[in-house]
Amino acid sequence: MPWIVIVSICVPVALLFLYIVGRQVKLGKVLEGLSVFWFRFAFAFLLLFIIHLAVGYSGYNVPINLFSVFTIALLGIPGVLGITFLIFFL
């Protein structure tokens, strides 16, 4: 059996198991916090990409790497300001 078929079967089963166990053990807050963090992580990637496209025309290069994404995901607007400060003044 190809590994992609196994993964496509195992991942939904594991998520269903976590959902059932999470309801019993009150893991809802932990899973909610993780989902908020992953949303912020994805939004930081999108924001960095938009900044990269917009600022790229003026000759600056905005790196899209894990350090930049984690900084923006954890700090929010101060993270964006810090990354742009580093780009423009270094």
Side-chain angles (χ1 to χ4, degrees):
M1 213 183 241
W3 63 272
I4 210 154
V5 174
I6 295 171
V7 170
S8 66
I9 292 172
C10 291
V11 168
V13 170
L15 289 175
L16 181 64
F17 176 74
L18 281 175
Y19 175 72
I20 292 171
V21 170
R23 286 181 52 157
Q24 301 297 324
V25 183
K26 304 296 182 201
L27 256 121
K29 293 288 183 183
V30 174
L31 294 177
E32 182 180 346
L34 282 174
S35 67
V36 167
F37 175 75
W38 285 114
F39 176 77
R40 291 181 71 162
F41 190 80
F43 188 74
F45 262 117
L46 177 68
L47 183 66
L48 275 175
F49 182 70
I50 291 170
I51 292 173
H52 178 77
L53 290 178
V55 177
Y57 292 112
S58 65
Y60 290 102
N61 185 16
V62 179
I64 302 174
N65 54 26
L66 287 179
F67 175 76
S68 300
V69 171
F70 275 122
T71 302
I72 292 174
L74 292 176
L75 298 179
I77 293 174
V80 172
L81 295 176
I83 295 296
T84 53
F85 176 79
L86 287 173
I87 290 166
F88 286 119
F89 295 112
L90 285 182

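In this chain, numbering begins with 1 at the start of the sequence shown. Just so we're clear, the structure is a prediction, and the values are computed from it rather than from any experiment.
Remark: Tyr60 OH is loosely packed, at most 12 non-hydrogen atoms of other residues, nucleotides or ligands lying under 6.0 Å away. For CG of Leu16, the number of neighbouring non-hydrogen atoms (other residues, nucleotides, ligands) closer than 6.0 Å is greater than 12.
Note on Val69 and Leu75: separate hydrophobic clusters, where clusters join Ile, Leu, Val, Met, Phe, Trp and Tyr whose side-chain heavy atoms are under 4.5 Å apart, directly or indirectly. Taken together through direct or relayed side-chain contacts under 4.5 Å among Ile, Leu, Val, Met, Phe, Trp and Tyr, Phe39 and Ile50 form parts of separate hydrophobic clusters. Follow the hydrophobic side-chain contacts under 4.5 Å out from Leu66 and you reach Leu48 in the same cluster. The cluster map of Ile, Leu, Val, Met, Phe, Trp and Tyr, joined by side-chain heavy atoms under 4.5 Å apart, puts Leu74 and Leu81 in different clusters. In terms of hydrophobic clustering, with Ile, Leu, Val, Met, Phe, Trp and Tyr side chains grouped at heavy-atom distances under 4.5 Å, Phe43 and Ile64 are assigned to different clusters.
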Candidate pair Val13 and Cys10, rule side chain to side chain contact (heavy atoms under 4.5 Å, CB included), full reasoning: CA-CA 5 Å; Val13 170; Cys10 291; 5.7 Å; no
Test side chain to side chain contact (heavy atoms under 4.5 Å, CB included) applied to Val55 and Thr84, step by step: CA-CA 10 Å; Val55 177; Thr84 53; over 6 Å; no
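The shortest non-hydrogen separation linking Ala44 to Ala73 is CB-N, 4.1 Å. Pro63 approaches Ser68 most closely through the heavy-atom pair O-OG, 3.6 Å. Contact between Ile51 and Val80 at its shortest, heavy atoms only, is CD1-CG1, 4.3 Å. Nearest heavy atoms, His52 versus Asn61: CE1-OD1, 3.3 Å.
Using cut-offs of 30° and 60° for the angle between ring planes, the Phe45 and Phe41 rings count as perpendicular.
A distance of 7.5 Å separates CG in Asn65 from CD1 in Ile83, rounded to the nearest 0.5 Å.
For the pair Val62 and Phe49, the minimum side-chain heavy-atom distance is 4.5 Å or more.
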